Amino acid sequence: MRRVKTASNRLFTNCTVIDGRGGEPIADAHVLVSGDSIRRVAIGPFNGAASGAEVWDLQGGFLLPGFCSTHVHLGDVWPLPELVDEPAAQRAIRAGSNAMDALRCGITSMRSLGEDRFIDVAWREAFEKGISIGPTIVASGNPLIAPGGHAKFMSRNLEVKGPGALRRAVEYQIERGVDCIKLVTTAGEALDEGQSFGQLQFTSEEVRAVVDTAHAAGKFVCTHTGTTEGVLQAVDAGVDCIEHGYVMNQTAVDALVANGVFLTPTLTVTHNEAYFEKVGMPEAQRERFRRLRDRHAESFRRAYRSGVQIVCGADLNPVGYCTLSEIEWMVRLGMTTSDALVAATDTSARTNGIARERGTIEVGKKADLVVLNGNPLDDIGHIWNAELVVKSGRPVGMDRSESKADLWDVLLSCGQTGIEAGAK
Ligand SMILES: [Zn+2]
């Protein structure tokens, strides 16, 4: 068998660069990648052959930084995220397939905000070692919830009470290799029958215990927080990123701005009816999401108008489809296409703690790139058609026919099994 040596220098030429920082696109540009990093971004032709680079003519395409999600659960299956008696290995395999499928959709980095048995840490390591080409994963391990709290039926959620126990739980997660901590501070949404919406789950002392322990170890904290009261408690305790923020008044939004706290709005959760339909979400569950929808949209618009650092994460699976859906929903609800692209690249990389290396097209950064054949600034719909994805300098195999299983089919068949098991 003949072994083909892979090029270490690649020149991407004849393209428009949208660098992820929100400035004017750079037309007629080229980007030189050496090994895993960007070495040159400039206008006009460049003699790549003379530099020994493999030349990729992008034929007038648009070159962007890879998209970055701030909120995924790689092993979950909707509409019933918990499968009864599922072997851990099966969940682990599905999680990896989900991550690799997302990479082919252009999502080159993601933050896992709740996974069972440190499956997210394991895939992070596997991709970093190069066992497969996968996205950069920032892992949180198990979410910490109050006893009987939000989504208590899911085995990935750890029920903890009291500042001392919470401190120990954070330390345990860190020992197991997580990059950040996920804490659920409010409940009462679609998964929580019988709990009133927005109910605070922890005392302020408890939230502070989590934040202080995490920060002391150099880790950041993201909280599932649905309401104004929860946002004010979390911001006061020093939380780094708020997830959801379904219902927030101006006071809550002002607190986010004043403290530089990021917000992942997860608009897909309440807005994407086509998704609900596709996964066969039960009507009662859809209705609970719908009831939040208008207030959620209003909170998002208020946050955007006020200058909150908004980031992009959809919470649902498959990660590839749902992350692109989230970018589209941000635009549908009033964000400019330019701001949505910055939110889904640079700002998301910053909240994920990886912006030193990723999130923009700049000299010195890792080459995480997406090529689109139409201008997403004119029509955000072009994000759905990634022609090419480059991960740390290496082009990713885009041919889905390599694998016989379609991820949607895998997820939908799991969902069906879950519904049957749940109905028994
Ligand atoms: Zn979530």
Side-chain angles (χ1 to χ4, degrees), residues 68-83 91 94-95 98-99 102 107 109-120 137-146 149-159 173 178-192 195 197-198 201 210 220-227 230-231 234 239-247 262-272 275-276 279 281 285 288-289 292 296 300 310-323 325-326 329 348 351-352 411 415:
C68 183
S69 171
T70 62
H71 193 135
V72 309
H73 301 279
L74 288 170
D76 283 7
V77 176
W78 283 83
L80 273 183
E82 176 76 2
L83 301 185
R91 182 176 176 110
R94 184 173 60 247
N98 195 1
I107 292 73
S109 302
M110 58 188 64
R111 180 167 75 191
S112 161
L113 284 188
E115 190 44 69
D116 209 3
R117 298 163 194 249
F118 303 99
I119 288 169
D120 48 358
I137 294 179
V138 174
S140 76
N142 302 106
L144 308 180
I145 68 168
H150 173 67
K152 59 179 183 289
F153 59 89
M154 295 174 73
S155 65
R156 64 167 164 80
N157 295 343
L158 279 190
E159 297 180 68
Q173 297 293 310
V178 304
D179 305 293
C180 59
I181 296 295
K182 166 78 176 294
L183 180 74
V184 176
T185 71
T186 65
E189 293 126 33
L191 298 174
D192 308 324
Q195 299 187 53
F197 175 66
Q201 303 286 287
V210 168
F220 60 91
V221 179
C222 307
T223 57
H224 167 122
T225 302
T227 57
V231 168
V239 162
D240 303 280
C241 187
I242 297 288
E243 307 300 314
H244 311 301
Y246 295 119
V247 182
F262 295 91
L263 170 71
T264 309
T266 67
L267 300 169
T268 303
V269 171
T270 57
H271 284 77
N272 195 339
Y275 175 82
F276 298 169
V279 298
M281 188 176 287
Q285 203 178 36
R288 289 174 73 103
F289 283 130
L292 277 174
H296 190 190
F300 166 75
I310 293 174
V311 294
C312 174
D315 202 7
L316 303 175
N317 284 324
V319 166
Y321 167 92
C322 293
T323 305
S325 157
E326 185 69 17
W329 276 106
S348 288
T351 191
N352 285 356
L411 292 176

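For ligands, and for the atoms within them, numbers begin at 1 and follow the listed sequence. All values below were derived from every heavy atom in this structure, side-chain atoms included, with hydrogens, water molecules and symmetry-related copies excluded. Just so we're clear, the structure is a prediction, and the values are computed from it rather than from any experiment.
- At a threshold of 2.8 Å, the Zn ion (ligand 1) has no backbone or side-chain N, O or S atom of His224 nearer than that distance.
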Using side-chain contact (heavy atoms from CB on, under 4.5 Å), reason through Arg156 and Asp76 one step at a time and then give a plain yes or no. CA-CA 10 Å; Arg156 64 167 164 80; Asp76 283 7; 2.6 Å; yes
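- Counting backbone and side-chain atoms alike, Asp315 contributes an N/O/S atom closer than 2.8 Å to the Zn ion (ligand 1).
- Side-chain atoms of Thr70 and Phe262, non-hydrogen and from C-beta on, never get closer than 4.5 Å to each other.
- In this structure, His224 and Tyr246 have perpendicular ring planes: the angle between them is above 60°, well past the 30° mark.
- By the 4.5 Å heavy-atom criterion applied to side chains, Ile181 and Leu144 are counted as neighbours.
- The Zn ion (ligand 1) has His71 among its coordinating residues (N/O/S atom, backbone or side chain, under 2.8 Å).
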